[in-house]
Number of protein chains: 2
Amino acid sequence: MPRRVDHAQRRRQITDASRRVVARGGLEAATFQAVAAEAGVSVRLVQYYFGNKHGLLVATHRAVIEDAAGRFGPGGTPPPGAGAPAPRAVLTAVVGALLPLDDDRRADAVVLAAFHAAALTDADVAPDELLGAPRALVDLVAAQLAAARAGAGTGLDPDHDPDGDPGGDPEARLDAELVLAAAAGLTQGLLAGHVTRQTALAVVDRLLDRLLGARDATP
Amino acid sequence: MPRRVDHAQRRRQITDASRRVVARGGLEAATFQAVAAEAGVSVRLVQYYFGNKHGLLVATHRAVIEDAAGRFGPGGTPPPGAGAPAPRAVLTAVVGALLPLDDDRRADAVVLAAFHAAALTDADVAPDELLGAPRALVDLVAAQLAAARAGAGTGLDPDHDPDGDPGGDPEARLDAELVLAAAAGLTQGLLAGHVTRQTALAVVDRLLDRLLGARDATP
């Protein structure tokens, strides 16, 4: 189905352009004109694929979230080190993937901050459309924490179901909320420049020490 | 000096209005016209006090930060309970004061989120002007953590210097960064609606348990 592939590529080309425009100039900058010019396509094509600005913004947000999920999901890059990584290493990689430590992730974090602020005051960006991703992340991190505590399973096991219900461990869910809140706060601090990269990584390390015991204690 | 007092009141009247305008419509909404109308004063008066939009925004941001500092500073309301509160209670109150758990704090948190997003893409809001507050907060929380661990001093002791250097305890500084990152992340989650009030308070409690030991262990 070559035509379908073309559609997906075209949409991706436009949302990639939209992300760059928002990262540079905020959500207000993402007009159809600016995004079409950045993507090198016509305004009419942007309208064809996304209908209105709301549709374009929702697709832009979704593209950022899907890329983030891809960074630490089953298809993501495993953390450095040969063989099956220890659960602690998997968690460090998951949290590290959430922090804006390279240009791409920094740009994405700026885009997400713009969406967050806009959703609080702008009826055009409905907050309920932005809610799916955080919930899925809590499930993922809770499952990794539960696995790390059980001292079994690496989280990169192909049979491991990242959508599995960690509901049996409410403490893991609460700890997952803590991990994700810390990652979101560190992201804010890194972007604003009042937290250094070194401090952010040390804080993550310290939090995982508190939650899982010192590194030597993990298998 | 009645004239000076008038000036301060007038500036306050205008920054209060500016905060309401930004909380409703984001930073773009904070035009001189809109802020003057909200404050019930002339555009000329806003110009007289703040010069340009940059000056108005900087003053607006400072007013939010000063109110936040007042909520848990030496002049702030002590946590509930008679007598000198335990260090753990002081820390709970400090972190609680940072979370958007009432209408005023929610409005302020929306204003701060708008500033954060704008500073990342808009040259008119210089990020270095927004940096003083987070640094002062780290010092304050680090000092409270060190006091709580020492099992001495309540942090509300009038002789206690909240600006005192907790640099002798680098672990307390790192833990303070963690506490503040978690509070910032929980604030984001509360505003966006993907963290409930109950979860936020449970996460704070759990974090303080991890940092200070369970509640019963504190004096």
Side-chain angles (χ1 to χ4, degrees), chain A residues 22-29 106 109-122 127-128 130-135 137-138 170-171 173-196 199-200 202-207 209-211, chain B residues 22-29 106 109-122 127-128 130-135 137-138 170-171 173-196 199-200 202-207 209-211:
Chain A
V22 174
R24 279 201 306 266
L27 282 191
E28 314 85 71
R106 188 185 157 83
V110 171
V111 172
L112 292 181
F115 271 100
H116 173 67
L120 302 176
T121 56
D122 180 354
D128 46 308
L130 315 183
L131 290 187
R135 293 261 62 79
L137 265 177
V138 173
E171 302 228 325
R173 280 199 76 79
L174 216 49
D175 284 339
E177 297 275 9
L178 171 57
V179 167
L180 290 169
L186 290 173
T187 294
Q188 220 173 63
L190 284 161
L191 292 182
H194 63 78
V195 171
T196 64
T199 297
V203 168
V204 169
D205 230 41
R206 199 161 170 78
L207 174 58
D209 280 350
R210 299 279 187 177
L211 294 179
Chain B
V22 174
R24 279 201 305 265
L27 283 190
E28 314 85 71
R106 188 186 157 84
V110 170
V111 172
L112 292 180
F115 272 100
H116 173 67
L120 302 176
T121 56
D122 181 354
D128 46 306
L130 314 182
L131 289 188
R135 294 260 61 81
L137 265 178
V138 172
E171 303 227 326
R173 279 199 77 78
L174 216 49
D175 284 340
E177 297 274 8
L178 171 57
V179 167
L180 291 169
L186 290 173
T187 294
Q188 219 174 62
L190 283 161
L191 292 182
H194 63 77
V195 170
T196 64
T199 297
V203 167
V204 169
D205 229 43
R206 198 161 171 80
L207 174 58
D209 280 350
R210 299 277 187 178
L211 295 180

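All chains are named by letter (A, B, ...) in the order of the sequence lines, taking the proteins before the strands, and each is independently numbered beginning at 1.
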*Contact summary for A:A192 and B:L120, nearest pair of heavy atoms*: N-CD2, 4.3 Å
Which answer fits [X], side chain, backbone, both or neither, if we ask what part of it has an atom under 4.5 Å from a heavy atom of chain A?
{"X": "B:L211", "result": "both"}
{"X": "B:E171", "result": "both"}
{"X": "B:A200", "result": "neither"}
{"X": "B:R24", "result": "backbone"}

*side chain to side chain contact (heavy atoms under 4.5 Å, CB included) partners of B:Q188, counting only residues at least two apart*: A:H116, A:A184, A:Q188
*Sequence neighbours excluded, which residues qualify as side chain to side chain contact (heavy atoms under 4.5 Å, CB included) partners of A:A183?*
A:V95, A:L98, A:L99
How long is the span from the [atom1] atom in [X] to the [atom2] atom in [Y], to the nearest 0.5 Å?
{"X": "B:T121", "Y": "A:L27", "atom1": "OG1", "atom2": "CG", "answer": "8.5 Å"}
{"X": "A:L178", "Y": "B:T199", "atom1": "CG", "atom2": "OG1", "answer": "12.0 Å"}
{"X": "A:T196", "Y": "B:E177", "atom1": "OG1", "atom2": "CD", "answer": "7.5 Å"}

*Output, in order, the C-alpha distance, side-chain angles, deciding distance and verdict of side chain to side chain contact (heavy atoms under 4.5 Å, CB included) for A:R210 and B:D175.*
CA-CA 11 Å; A:R210 299 279 187 177; B:D175 284 340; 3.1 Å; yes
*asked:* Please rank A:A182, A:A113, A:A117 by heavy-atom pairs under 4.5 Å with chain B and give me the top one.
replied: A:A182
*Between A:V204, A:L186, A:V22, A:V203, which has the largest tally of heavy atom pairs under 4.5 Å with chain B?*
A:V203
*asked:* Need one label for A:A23: side chain, backbone, both or neither, based on atoms under 4.5 Å from any heavy atom in chain B.
replied: backbone
